[in-house]
Amino acid sequence: MLIRKSDPNAIPSSEITPRSAYMNRRAFMAAGAAGAAALAAGGLTEFLHPAEVHATTKLASVPSPLSTTGLKLTSFDDITHYNNFYEFGPNKGDPAANAGSLRTRPWKVEVEGEVKKKKTFDIDSLMKLHPLESRVYRFRCVEAWSMVIPWIGYSLSEFIKQCDPLPSAKFVQFLSLDDPSQMPGIRSVNLDWPYSEGLRMDEAMHPLTLLTFGLYDQTLPNQDGAPVRVVVPWKYGFKSAKSIVKVKFVKKMPHTTWNDMASNEYGFYSNVNPHVDHPRWSQKTERVIGAPIWKQRQPTLMFNGYADQVAGLYKGMDLKKNY
Ligand code: MTE
């Protein structure tokens with residue numbers, strides 16, 4: 001995604017690399033001989049990507065009827081090493097390298113705004129609010145690449161029901177953690193923090209919108225938005241806010257990070273739409289991360305393939321204007 005300008009006062013990334021990542025690199029370099037042995041034993045992935053960054057635990061779930069079938073899953077390695085999480089840096093490998101510094105316990109999610117009563121949910125009780133389901137979804141980034149990810153979570157609507165929103169609540173805003181001591185990118189990337197995203201109430205209540213706690217069979221790795229994020233499979237990936245600490249029910253369309261940054265490039269709706277190009281590139285096709293070179297490009301589907309379920313939400317709307 002476009003970053004308008006770099007902050008002249010920003011600390012160089014070499015100085016803000018968290019100690020854990022620095023240690024990993026030191027360990028990596030020191031481990032030359034051990035590494036060669038690991039390579040010989042076939043442990044290439046573990047050697048290149050130190051395991052401690054992931055710090056996940058097993059998470060049980062039941063298969064969901066809302067899962068997308070017949071798709072080849074993107075590997076765990078690609079899902080966890082090709083990320084956008086600007087709080088940890090602007091490059092695809094930065095979140096995996098730097099997110100080891102994120103502390104995911106204790107963690108609270110505050111609910112405020114147009115609700116009967118403000119509430120705070122502890123992450124462990126939030127995870128038990130409803131049975132966890134595994135749901136395979138297509139994931140399409142606005143940068144024209146895609147993955148297929150087996151998420152774990154439950155419909156956001158189950159959580160919203162517990163929040164008791166008032167009839168005046170027309171939109172939901174999600175705010176991510178904003179802590180430069182854990183998130184080195186906050187000082188070096190010139191975005192308006194905290195990361196903010198939002199959905200119209202009916203989009204948020206749609207059963208496909210997932211409050212997400214894990215992927216494959218484990219809790220979310222830090223770089224994928226631990227301990228809780230949303231996933232909206234028919235929208236470009238940037239709508240799916242990570243590491244959420246606040247959910248606000250609001251009367252008016254909330255401001256969102258990428259819309260603030262470049263409103264002509266990143267609209268509020270951001271539904272996947274092959275007929276509306278990004279001002280700087282086509283959205284007609286996408287690069288499939290991890291696919292063999294001869295299968296890397298595929299056509300992008302309207303609403304990312306979820307048109308049957310969600311097109312009705314936008315009946316009568318001009319989707320070129322409301323991009
Ligand atoms: N959430 C926060 N807090 N910060 C971010 O930078 N990036 C967004 C979205 N959520 C982002 C975020 C973008 S641009 C994308 S494509 C997806 O997260 C990437 O999710 P993934 O790295 O798990 O694939």
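Reckoned from all heavy atoms, side chains included, excluding hydrogens, waters and symmetry mates. What you see is a predicted model; the values in this text were computed from it and never measured.
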Inset, instruction - Taking the side chain as every heavy atom from C-beta outward, state whether Lys108 and Val245 have any pair of such atoms under 4.5 Å apart. - result: no
Inset, instruction - Look up atom CG in Asn84 and atom CD in Glu143, then write down how far apart they are to the nearest 0.5 Å. - result: 4.5 Å
Inset, instruction - Hey, could you give me the OG/NZ distance between Ser240 and Lys235, rounded to the nearest 0.5 Å? - result: 10.0 Å
Inset, instruction - Consider only side-chain heavy atoms of I, L, V, M, F, W and Y, link residues closer than 4.5 Å, and tell whether Leu220 and Tyr82 are in one cluster. - result: yes
Inset, instruction - Mind checking the OG-CG spacing from Ser243 to Leu175? Nearest 0.5 Å is all I need. - result: 12.5 Å
Inset, instruction - Heavy atoms only: give me the nearest Lys242-Gly225 pair and the separation to one decimal. - result: CB-CA, 3.5 Å
Inset, instruction - Work out which heavy atom in Asn271 is nearest to a heavy atom in Tyr236; give both atom names and the distance. - result: O-CE1, 3.6 Å
Inset, instruction - Enter the distance from Asp202:CG to Thr209:OG1 here, rounded to the nearest 0.5 Å. - result: 9.5 Å
Legend entry - Heavy-atom check, side chain of Ser67 versus side chain of Glu133, under 4.5 Å: no
Inset, instruction - Kindly write out the residues that satisfy side chain to side chain contact (heavy atoms under 4.5 Å, CB included) with Lys320, not counting sequence neighbours, or none if the list is empty. - result: Val276, Asp318
Legend entry - Donor-acceptor under 3.5 Å (Glu197 side chain, Phe174 main chain): no
Inset, instruction - Could you please spell out the steps behind the side chain to side chain contact (heavy atoms under 4.5 Å, CB included) verdict for Arg297 and Arg287? - result: CA-CA 5 Å; Arg297 284 223 90 82; Arg287 185 165 59 93; 4.0 Å; yes
Legend entry - Transitive ILVMFWY cluster of Leu301, excluding itself - 4.5 Å side-chain cut-off: none
Inset, instruction - Look up atom CD in Glu286 and atom CE in Met147, then write down how far apart they are to the nearest 0.5 Å. - result: 11.5 Å
Inset, instruction - Answer yes if Leu210 and Leu66 sit in the same cluster of Ile, Leu, Val, Met, Phe, Trp and Tyr residues linked by side chain heavy atoms under 4.5 Å apart, and no otherwise. - result: yes
Legend entry - Atom pair OG (Ser196) and CG (Asp178), whose distance is rounded to the nearest 0.5 Å: 11.5 Å
Legend entry - Check: Ala291 main-chain N/O paired with Gln296 side-chain donor or acceptor under 3.5 Å: yes
Inset, instruction - Indicate the atoms forming the closest heavy-atom contact of Lys239 with Leu199, along with that distance. - result: CE-CD2, 4.4 Å
Legend entry - Heavy-atom donor-acceptor pair, Ser263 side chain to Asp260 backbone, under 3.5 Å: no
Legend entry - Among His206, His130, Lys161, Arg135, side chain to side chain donor-acceptor pair (under 3.5 Å) partner for Ser155: Arg135
Legend entry - Tyr154 ring center near Phe213 ring center (under 6.0 Å): yes
Inset, instruction - For residues Thr300 and Arg140, determine if any side-chain heavy atom of one lies less than 4.5 Å from a side-chain heavy atom of the other. - result: yes
Inset, instruction - Identify whether Trp107 and Ile244 are in the same connected component of the hydrophobic contact network (ILVMFWY, side-chain heavy atoms under 4.5 Å). - result: yes
Inset, instruction - Examine distances only and state if a side-chain atom of Lys248 and a backbone atom of Pro254 form a donor-acceptor pair shorter than 3.5 Å. - result: no
Legend entry - Non-hydrogen atoms of Pro274 and Asp277 that approach each other most closely: O-OD1, 4.2 Å
Inset, instruction - Please confirm whether the backbone N or O of Asp224 pairs with a side-chain atom of Arg229, one donor and one acceptor, at under 3.5 Å? - result: yes
Legend entry - Shortest non-hydrogen contact from Phe139 toward Gly237: CZ-CA, 3.7 Å
Inset, instruction - Begin from the C-alpha positions of Thr68 and Tyr306 and carry the test side chain to side chain contact (heavy atoms under 4.5 Å, CB included) through to its verdict. - result: CA-CA 9 Å; Thr68 314; Tyr306 299 95; 2.7 Å; yes
Legend entry - Main-chain N/O of Pro233 paired to Asn304 side chain as donor or acceptor, under 3.5 Å: yes
Inset, instruction - Test side chain to side chain contact (heavy atoms under 4.5 Å, CB included) on His275 and Met302 and set out the steps. - result: CA-CA 8 Å; His275 312 302; Met302 189 66 201; 3.9 Å; yes
Legend entry - Parallel, tilted or perpendicular: ring planes of His278 versus Trp281, cut at 30 and 60 degrees: parallel
Legend entry - Shared hydrophobic cluster, Leu211 / Leu129 (ILVMFWY, side-chain heavy atoms < 4.5 Å): yes
Inset, instruction - Mind running side chain to side chain contact (heavy atoms under 4.5 Å, CB included) on Thr56 and Thr219 for me, showing each step along the way? - result: CA-CA 5 Å; Thr56 60; Thr219 52; 3.4 Å; yes
Legend entry - Side chain proximity check, Ser157 to Met205, heavy atoms < 4.5 angstrom: yes
Inset, instruction - Report yes if the side chains of Leu319 and Tyr269 come closer than 4.5 Å at any heavy-atom pair, otherwise no. - result: no
Inset, instruction - Keeping the roles fixed (side chain from Asn91, backbone from Gly93), state whether a donor-acceptor pair exists under 3.5 Å. - result: no
Inset, instruction - Please check if Tyr216 and Ile152 belong to a single hydrophobic cluster, counting links between Ile, Leu, Val, Met, Phe, Trp and Tyr side chain heavy atoms closer than 4.5 Å. - result: yes
Inset, instruction - Could you give me the CA-CA distance, side-chain angles and deciding distance for Trp258 and Tyr266, then say whether ring-ring contact (aromatic ring centres under 6.0 Å, His included) is met? - result: CA-CA 6 Å; Trp258 289 106; Tyr266 312 108; 5.5 Å; yes
Inset, instruction - Taking the side chain as every heavy atom from C-beta outward, state whether Glu203 and Trp234 have any pair of such atoms under 4.5 Å apart. - result: yes
Inset, instruction - Measure across Ala204 and Val172 and return the closest heavy-atom pair with its distance rounded to 0.1 Å. - result: CB-CG2, 3.7 Å
Inset, instruction - Flag yes if more than 12 heavy atoms outside Lys119 fall under 6.0 Å of its NZ atom; otherwise flag no. - result: yes
Inset, instruction - Answer whether the closest heavy-atom distance between the side chains of Val111 and Phe121 falls below 4.5 Å. - result: yes
Legend entry - Side-chain heavy atoms of Trp151 within contact of Tyr137, under 4.5 Å: yes
